[in-house]
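FYI, the numbering just counts along the sequence from 1.
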Amino acid sequence: MKVIGATAAHQLVDLTLPKPSASSNQVLVKIEAVSVNPVDIKIKNKVTETTAPKILGYDAVGEVVETGKEVTKFQAGDRIFYAGSTQMAGTNAEFQLVDERLASLAPRSLTAAEIAAMPLTSLTAYELLFEKMQFVAKANQNQRRTLLIINGAGGVGSIMAQLAHWAGLTVLATSSPKNFDWLTQNHVDHPLDYHGDLLQAIHALGYDSIDGIAILYNPAAYFDLAAELVAPFGHIGSIVGSPVDLPLYKIKNKAASFDWESMFAKSAADYDVNSQGKTLQLIARLLDQGVLTSTLTQTVTDGINAASLTQAQALVSQGKMHGKLVLTGGFNVPPESRSVHK
């Protein structure tokens, strides 16, 4: 099978490897489309001679072509979507083994590209909102409660705003003004220009405090703001590690909590792994119902190969994208024929 591997020089190369076989509770999936996430670049930059070639990729939709003897959820021919695990070879391969507990039947009403954009960010947003911040994961059950999303136009922020809106929260989110229409499209109630005085802007809207603050950016840059705004017994959460110590003492007298979210922690620790498949079942249902919409904004349609993935990772690493970028079109199509569509 054709795969794209990361080398110890932190470059992507096209390779051919034997197709794996499913065993135990694994399914073998023929990949249709993959998404690119910042975690791909982070892991690529840590590849060593020992771990190379590392197959990256943590978002996919595809068809089950083989099942292990212990598999009960899926059968050959099922179309599934998932983010997978960093403990296994990733989605940048024609065929991939996946633990059935991490996957769900794919939404039926979306294209492959629209589906592939969703798993990792949806799981991350859901876990931070409803498992760590303890908002109620049901429609309209969080009325009069508020959420501030720092970096609201990114992949996680875009679906987090939608999930929070579904759950009844009032959503405030930051971005550049050029992305305000995108924020509104994703059910942000109050777009905020991150260049301005956020504390003043939020107070001007009539909010003295915020119940949940999701910092989807370097938390050190926004922790003082969050500590000032967070409500007593509220939550501040982040998906980005901090290079410096955070002054957690600033939220002690509010009995507020700081929550780290790492979507791959469950699979790495073999902790409550089934919950991720169940969450994706909910996401699929809400997508099919039109309650949620795909956050896909860019598609490379003519092939999944080292050149197209390198280009896609370069775009994502700039940190200026809104929504998600997906690659489709089969593996190792000559790069000169590829195209990007918005």
Are Met321 and Leu120 in one and the same hydrophobic cluster, where Ile, Leu, Val, Met, Phe, Trp and Tyr link if side-chain heavy atoms are under 4.5 Å apart?
yes
Measure from the side-chain N and O atoms of Thr48 to the backbone N and O of Thr50, and report whether any donor-acceptor pair falls under 3.5 Å.
yes
For the backbone of Asn179 and the side chain of Ser176, can you confirm whether one donor and one acceptor N or O come within less than 3.5 Å of each other?
no
Interatomic distance, CD@Gln162 vs CD@Gln185, rounded to 0.5 Å, equals 8.5 Å
State whether the number of non-hydrogen atoms from other residues, nucleotides or ligands found under 6.0 Å of Gln318 atom CD is greater than 12.
yes
Lys73 atom NZ: more than 12 heavy-atom contacts under 6.0 Å:
yes
Give a yes/no verdict on a cation-pi contact between Lys19 and Phe95, requiring under 6.0 Å between NZ or CZ and the six-membered ring centre and an angle within 45° of the axis.
yes
Between Ser267 and Gly84 the two heavy atoms that sit nearest each other are OG-O, 4.3 Å
Closest contact, heavy atoms only, Leu128 versus Ala214
CD2-CB, 4.1 Å
Count I, L, V, M, F, W, Y as connected when their side-chain heavy atoms are under 4.5 Å apart, and connections chain through other members. Are Ile215 and Leu246 then in the same cluster?
yes
Using the rule that two of Ile, Leu, Val, Met, Phe, Trp, Tyr join whenever any of their side-chain heavy atoms come within less than 4.5 Å, decide whether Leu105 and Tyr126 are in one cluster.
yes
By the definition side chain to side chain contact (heavy atoms under 4.5 Å, CB included), identify the one residue from Ile41, Leu325, Asn37 that meets it with Gln313.
Ile41
Asn92 side, atom CG; Leu309 side, atom CG - distance, nearest 0.5 Å
4.5 Å
Below 4.5 Å, heavy atoms only, C-beta onward: do Gln96 and Ile55 meet side chain to side chain?
no
Inter-residue atom distance Leu148.CG - Ile202.CD1, 0.5 Å rounding:
4.5 Å
Is any side-chain heavy atom of Leu282 less than 4.5 Å from a side-chain heavy atom of Trp166?
yes
Do any N or O atoms from the side chain of Asp40 and from the backbone of Leu56 form a donor-acceptor pair under 3.5 angstrom?
no
If only atom types and distance count, is the side chain of Gln276 paired as donor or acceptor with the main-chain N or O of Met263 below 3.5 Å?
yes
Working to the nearest 0.5 angstrom, can you tell me the gap between Leu169 CG and Asn142 CG?
4.5 Å
Between Thr91 and Tyr82, is there a side-chain heavy-atom distance shorter than 4.5 Å?
yes
Any salt bridge between Asp270 and Arg101, counting N to O under 4.0 Å?
yes
So with a 6.0 Å cut-off around CG of Asn45, is the heavy-atom count from everything else above 12?
yes
Evaluation steps, side chain to side chain contact (heavy atoms under 4.5 Å, CB included), between Arg79 and Ile115
CA-CA 11 Å; Arg79 193 188 206 194; Ile115 297 167; 3.7 Å; yes
Could you tell me whether Tyr217 and Tyr194 have their ring centroids closer than 6.0 angstrom?
no
Would a distance-only check, ignoring hydrogens and angles, find a side-chain to backbone donor-acceptor pair under 3.5 Å from Asp14 to Asn305?
no
Using a 4.5 Å cut-off on heavy atoms from C-beta on, say whether the side chain of Asn218 contacts that of Pro243.
yes
Can you tell if the side chain of Pro53 reaches within under 4.5 Å of the side chain of Val13, non-hydrogen atoms only?
no
Can Leu147 and Met133 be said to form a side chain to side chain contact (heavy atoms under 4.5 Å, CB included), step by step?
CA-CA 10 Å; Leu147 174 73; Met133 292 186 173; 4.2 Å; yes
Distance (rounded to the nearest 0.5 Å) between Thr124 OG1 and Ile159 CD1
11.0 Å
To check you understand the geometry: which heavy-atom pair defines the closest contact between Ala164 and Val171, and what is its length?
CB-CG2, 3.7 Å
Can you name the nearest heavy-atom pair linking Ser294 to Leu287, along with the distance?
N-CD2, 3.9 Å
Applying side chain to side chain contact (heavy atoms under 4.5 Å, CB included) to Ile43 and Tyr58, what does each step give before you reach the verdict?
CA-CA 11 Å; Ile43 295 177; Tyr58 306 100; 3.6 Å; yes
Go through the side-chain N and O atoms of Asp181 and Thr184 and say whether any donor and acceptor fall under 3.5 Å apart.
no
As a quick check of understanding, evaluate side chain to side chain contact (heavy atoms under 4.5 Å, CB included) for Val61 and Leu110, giving each step before the final call.
CA-CA 11 Å; Val61 59; Leu110 278 63; over 6 Å; no
In this structure, CE of Met1 is separated from CD1 of Ile31 (nearest 0.5 Å) by 9.5 Å
Would you call Trp260 and Ser238 a side-chain contact if the rule is heavy atoms closer than 4.5 Å?
yes
For the residue pair Glu66 and Gln26, confirm or rule out a side-chain donor-acceptor distance under 3.5 Å.
no
Please answer whether the main-chain N or O of Thr146 pairs with a side-chain N or O of Asp211 as donor and acceptor at a distance below 3.5 Å.
yes
Going by heavy atoms in the side chains, are Trp182 and Thr295 under 4.5 Å from each other?
yes
I'd like to know if the side chain of Ser257 reaches the main chain of His235, judged simply by a donor and an acceptor atom lying under 3.5 Å from each other, with no hydrogens or angles considered.
no
If you count heavy atoms of other groups shown closer than 6.0 angstrom to CD of Gln200, is the number above 12?
no
Lys46 NZ: over 12 foreign heavy atoms closer than 6.0 Å
no
Backbone N/O of Ala227 and side chain of Lys250: donor-acceptor pair under 3.5 Å:
no
If you take all heavy atoms of Ala22 and Leu97, which pair is closest and at what distance?
CA-CD2, 3.6 Å
Report yes if some heavy atom in the side chain of Leu28 is under 4.5 Å from a heavy atom in the side chain of Pro20; otherwise report no.
yes
If we ignore hydrogens and angles and just use 3.5 Å, is the side chain of Asp288 paired with the main-chain N or O of Arg108 as donor and acceptor?
yes
Could you report the tightest heavy-atom contact between His10 and Lys44, atom names first, then the distance?
CD2-O, 3.1 Å
Establish whether Val240 and Val316 are linked, either directly or via other cluster members, by ILVMFWY side-chain heavy-atom contacts under 4.5 Å.
yes
Give a yes or no answer on whether the side chain of Ser175 reaches the backbone of Gly152 with a donor-acceptor pair at less than 3.5 Å.
no
Are Val39 and Leu216 connected in the hydrophobic side-chain network, where two residues link if heavy atoms are under 4.5 Å apart?
yes
